[in-house]
Structures are given as structure tokens and as C-alpha cells.
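Below is one structure, written out as C-alpha cells; the observations come after it.
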Amino acid sequence: MLEINVLRDNAPQIIERLKKRNKDFTQQVNAILELDEQRRACQQEMDQALSESNVLSKQIGDLFKSGKQAEANEMRAKSVEMKESSHKLKDQFHELDQKLTEALYDIPNVPQDSVPAGKADTDNEEIFAEGSIPELADNNKAHWELTEQYGLIDFDLGSKITGAGFPVYTGKGAKLQRALINFFLDEAENAGYKEVIPPLMVNEDSAFGTGQLPDKEGQMYHATEDNLFLIPTAEVPITNIYRDMILKEADFPIKMCGYTPCFRREAGSYGKDVRGLNRLHQFDKVEIVQFQHPDKSQETLDTMVEHVKNLLRKLGLPYRVLRLCGGDLGFAAAVTYDLEVYSAAQEKWLEVSSVSCFETFQSNRLKCRFKGEDGKTHLAHTLNGSALALPRIVAALLENNQDENGIRIPECLHRYTGFDRID
RNA sequence: GGAGAGAUGGCAGAGUGGUCGAAUGCGGUGGUCUUGAAAACCAUUGUACGGCAACGUACCGGGGGUUCGAAUCCCUCUCUCUCCGCCA
């Protein structure tokens, strides 16, 4: 969520920049400023009242001690009276504070200047592309055919055990998963990321910290009995490691990576684009996360994109990098780069990574701060990216590398798979 | 699942109704001393909100209550630990 004091000081600019999201926030922002005004006025009144009764209480105590019962009792009556009004002010303050916070939840992050204007994914800006699109034989197959032909993934079996979107990886298909995970983790480690294996379920506070709650609870599987949520991405548990913390400036950059399965309900997305590996309820992903000094987050973002590009390069997949337009930008992100690979049999681009800088939007909720040179505390910047999400990588690998007799495995994976072909 | 204990500042750990934002120790920071370091000594050291500032207010796991006054008493929730049972 946005910082109230930043919004207070820069309202017109913020409203202007938010227009990139194709919505006018003037009214909402004005309502917030109004609430903020009221809240501050109320706090002053409340603090005043509390201060007075604190003084009074102290005096009463002194009077009792020096044996002046009568006077003390008289003041006590006065104090009771005051209590009523301070109680009212307290309630009022809390109500205003609550309203203000809730109103702030509804304002998305402010897009950076580089974010192009636009309404939908068709307006995203392609800023880089690499790799050549393979020419497949006429009788080429989509990955869901290949996985069946070579016994790599059993979608029907997953449906039987759990439901649609929960595939069973078998034989070389399972081994390929493991290989990719290890490859991605090793690459991340080589780039200085510390590996963590976080919990796959998180509590409400964590889901709130990274912004899944209060709005997007429909996306997560919810174990109501224990009020825990299955993670939709490792971003949630990993970023929450630093919730409620004050870091030292020397701690930056904090670089962490982790492999986890991810669980997404994907409610309402049935029908289109869900065939095979394109959209699953459970999938594997290696995530990279960084906490960074605000002055350095921009270059950090670039290095993270570079890291992902490198992975795709090594895998030999044709890919492109998109800078998301304002209309496609996630609620919490200030800027996002999507990386897409070309899946040659399906003849379409598949999103395999999303690298974002959230500036202070997440850390404000997380209360992740650092003590600066000036001795004051400031909110850290958070960044994260997929490096990488497996299913669509597998889809593209299978489709792009197929030939008459099987599927070629990219060289960087050989030491992990132990085989160089699937046939 | 049953029985019990507990939750206090970065950590350890006092504090059972006013003198407590909170003793003490450790740690951190600054300084003295030293060729340098260590040791010793001195000082300083929580967060948030409001205020130009002085300063005020709130916070001792969360929420509620009693009281003129709560870290301290009551209720409730959450979490942690120990023992028993079950179990990978």
C-alpha cells in the first residue's frame, strides 16, 4: 500500500501517474486526504484529552498518598467524566484510522515513468527478443500429445487423484522436473541468492503482507479449519521472512531464492488456454527475491531480468521480454517485465517469468524497514521474479525440441537429467 | 487429542496496581586510554503516530474489561514450550 505521507505531499502527481492504469483516482485520493486530515485532527484532540487525564491520575495518586482523601475523591469524579469523552475520541480515532487504512488498500502502486500507457496485454512493449523460432515438421505435436506419447505426464491420472490441473509427472517427465528445479536453483545460487525451503502454507498475516489478502483470497486454496493458505508463489513465504524487521543498510542487498510448488485456484479461468501445461492448479517454480536499498532497486531489477534471460538462453528457448503496460501491471507492482517463450507447436508465446519491483508498496505492509545513514528508518524496496516457472518451460522444450524420433534435451540439463533425449 | 507452564526492549532476564517506556546483564554506537588492537572506563542506544518545535500520545503476544490510574487484576483469542497419547 502507498505511504500516507508520500500521498499527502504528492497527491496531484500521484493521481496523474496513476492514470496509466486507465482509471481516475482523483476522488479516492481526495477522500483519503480528507480522512487523513480528520484523523490527525482527531488524534490531536484525543492526545490532549489523554494527556489531561494522565496528569489528573497522577495528582489523585499523590493526594491519596498524602492522605487527602476528600480532595482525591473530588478529582476522581472529574476524572470519570473526562474518561467518557476520551473514550469517545478513542473510538472515533480508531474508526477513522481503520477507514483510512482500508481506503489506502484500494489504491494500486504508482507505475514508474518507463511503464507504457495501455489497456491490455496487447499494449505491452516488447523491449528485447532473442533466439530463433524452430521450424517444425508438418506432423509436429503439441506438448500434451508428446507427454502422452512418451509417458511423461499423466493428466487424467491427476484428475482421478485430485482434479483437473494437478498433473502426475512420470518417468523421464518426473526426472525432467527435478532436473529443471536443480538447474534453476544452482544458477540462482551462483548468482548469489541464498536458498530457502519455506513453508507451503502461510497464515493470514503473511498473506496480507505480500498483498494476497484482503482482495485476492479467491486465488488461494484456504484450509479453513486452521485458517492457513496454500502459497500461490514462493514470494509469499520468502518475502515474509523479513516482515516486521528493521535491517541495517549494510544488509543490502538481501538475495534469496527458493523452489516450491505453487497452488492457484484459477477460479473463473476454465476453458481457454488451460490445455496441457498452460495453466495448472499446482505447478513448480523457483523464485528469486531481493530486498534492496531504494537507490539501488532499479539496477537490481535489471540484473534480475538479466538472470532470467540467461536461463532461457542456456535452455535454448526463443524468448522475448515485455515491459507491461499500465493496464496489465499487477496491483502491487511499480514496474514489471514479463518473459515469454515461444512454444512452436502451439504457435504462441507463453509467460514463464514475471520480474517486478514493488518499491515500498509491499514493505509498507510488511513493515520491512532499514536504518539509513541519517539514523532514520525507511521502507526497503522489494523485488521478485520467477526463475523460472516450470510447466510452460517444459511445454516449450518438448514442442520446440521434438523431431521424428523423440525430444532433445538442452545440454545445460544433461548433468541433471542423466539423459540427453526422450524417446 | 489429554495435562501443565509460559509470552516483557536486538538477545537474556527483573518487575504483581501509581515513583515503569520499563531494573540488570549481554550486544550495538560514539568517546577516553593505546603505536595499533584487546581490556578497562565514560556516554549513548526501541517503534509508531501527531507537532515547525518544545513536546505529547500509544505500544510489555492480539482483542476486550475492571480502576481516577494496568506490564501488573479479570475475560477471551493466538502462539510457544514441557509431559502423555498417536504418528512420518
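Since this is a predicted model, take the numbers as computed values, not measurements. Sequence lines set the chain letters: A, B, ... in the order given, protein chains first and strands last, and positions in each chain run from 1.
A salt bridge (Lys or Arg N to Asp or Glu O under 4.0 Å) check over residues 162-183 of chain A, counting only residues at least two apart or in different chains, returns nothing.
Residues satisfying the salt bridge (Lys or Arg N to Asp or Glu O under 4.0 Å) criterion with A:Glu37, sequence neighbours excluded, are A:Arg40. Partners of A:Lys88 by salt bridge (Lys or Arg N to Asp or Glu O under 4.0 Å), not counting sequence neighbours: none found. Looking at residues two or more places apart in sequence or on another chain, you find a ring-ring contact (aromatic ring centres under 6.0 Å, His included) between A:Trp349 and A:Tyr342. A search for salt bridge (Lys or Arg N to Asp or Glu O under 4.0 Å) contacts involving A:Asp423 returns A:Arg421, not counting sequence neighbours. A:His378 meets the ring-ring contact (aromatic ring centres under 6.0 Å, His included) test with A:Phe370; sequence neighbours excluded. Applying the salt bridge (Lys or Arg N to Asp or Glu O under 4.0 Å) criterion to A:Asp284, with sequence neighbours excluded, gives no partner residue. By the ring-ring contact (aromatic ring centres under 6.0 Å, His included) test, A:Phe25 pairs with no residue at all, sequence neighbours left out.
Applying a 4.0 Å cut-off to non-hydrogen atoms, none of the residues of residues 249-256 of chain A approaches RNA chain B. If you check residues 54-64 of chain A against RNA chain B, the residues with a heavy atom closer than 4.0 Å are A:Asn54, A:Ser57, A:Ile60, A:Gly61, A:Phe64, listed by number. Listed by residue number, the members of residues 77-85 of chain A with any heavy atom below 4.0 angstrom from RNA chain B are A:Ser79, A:Val80, A:Lys83.
Nucleotides of RNA chain B with any atom under 4.0 Å from a heavy atom of chain A span, from 5' to 3', B:rG18 to B:rG69.
Taking 4.5 Å as the limit, every side-chain heavy atom of A:Asp338 sits out of range of all side-chain heavy atoms of A:Val321.
Nucleotide B:rG27 is matched to B:rU45 when pairs are restricted to Watson-Crick or G-U wobble geometry with both distances under 3.5 angstrom.
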